[in-house]
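Only heavy atoms go into these numbers, but all of them, side chains included; no hydrogens, no water, no symmetry mates.
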Amino acid sequence: MVAQRQQRAAESAYVGRGRRMLATLARVPEIEGTFLEIETLVDENDLTAALDDIGAVLDELGITPKDLTRDTYTDAAQRH
């Protein structure tokens with residue numbers, strides 16, 4: 001059985017570090033806090049540079065590596 005999660009989100013498209021990016025602020029009622037997702041579409045050969053650019057954007061926003069997670073919303077909600 002797949003758990004259904006309600007997610008509230010606000011999206012904004014912008015250019016960061018010369019790349020088209022999509023920033024999403026997401027709130028999931030089962031999890032405390034607000035989550036920021038930053039995405040960009042790249043070719044595989046540009047992946048490392050794109051991840052560096054996303055990291056630089058996060059740094060500019062004051063988001064540090066200790067603030068990051070690879071958890072899915074479903075996994076995080078199951079732990080709460």
Side-chain angles (χ1 to χ4, degrees):
M1 182 165 114
V2 175
Q4 295 293 321
R5 301 280 173 228
Q6 180 182 14
Q7 177 180 336
R8 296 188 180 116
E11 294 183 342
S12 179
Y14 67 99
V15 175
R17 311 296 275 189
R19 293 181 186 279
R20 290 178 36 197
M21 297 189 182
L22 178 66
T24 304
L25 283 175
R27 290 191 52 79
V28 179
E30 297 90 348
I31 308 171
E32 295 179 21
T34 301
F35 300 86
L36 172 65
E37 303 169 0
I38 298 180
E39 302 173 69
T40 188
L41 184 61
V42 298
D43 292 326
E44 188 172 340
N45 62 347
D46 195 29
L47 181 59
T48 300
L51 290 172
D52 289 344
D53 289 342
I54 290 173
V57 169
L58 292 172
D59 187 55
E60 290 169 5
L61 294 172
I63 298 169
T64 66
K66 69 179 177 73
D67 297 318
L68 303 179
T69 182
R70 291 180 182 227
D71 286 348
T72 65
Y73 295 125
T74 300
D75 290 344
Q78 288 175 345
R79 284 194 303 276
H80 278 65

State, to 0.1 Å, how close Ala13 and Leu22 come at their nearest heavy-atom pair, and which atoms those are.
N-CD1, 4.0 Å
Heavy-atom closest pair, residues Thr24 and Ala9
CG2-CB, 3.7 Å
Heavy-atom side-chain contact between Tyr14 and Val57 under 4.5 Å
yes
Return yes when atom CG of Leu47 has more than 12 non-hydrogen atoms of other residues, nucleotides or ligands closer than 6.0 Å, and no otherwise.
yes
In terms of heavy-atom contacts, Pro29 and Arg8 come closest through CG-NH1, 4.2 Å
Examine Ile54 and Leu68 and state if one hydrophobic cluster contains both, with Ile, Leu, Val, Met, Phe, Trp and Tyr joined whenever side-chain heavy atoms are less than 4.5 Å apart.
yes
Report the distance from atom OG1 of Thr40 to atom CE of Met21, rounding to the nearest 0.5 Å.
5.5 Å
Counting only heavy atoms not in Glu60 (residues, nucleotides, ligands), do more than 12 fall under 6.0 Å from its CD?
yes
Treat each ILVMFWY residue as a node, draw an edge where side-chain heavy atoms are under 4.5 Å apart, and state whether Leu61 and Leu25 are in one component.
yes
Of all the heavy-atom pairs spanning Arg27 and Gly33, show the shortest one and how long it is.
NH1-O, 3.1 Å
Drop me the distance from Asp53's CG to Asp46's CG, to the nearest 0.5 angstrom.
8.0 Å
Please give me the minimum heavy-atom distance between Ala50 and Val42, naming the atom from each residue.
CB-CG1, 3.5 Å
Could you pull out the closest heavy-atom pair between Ile31 and Ala76, with the gap in Å?
CD1-CB, 3.6 Å
Going from CG on Asp75 to OG1 on Thr69, what distance comes out if it is rounded to the nearest 0.5 angstrom?
9.0 Å
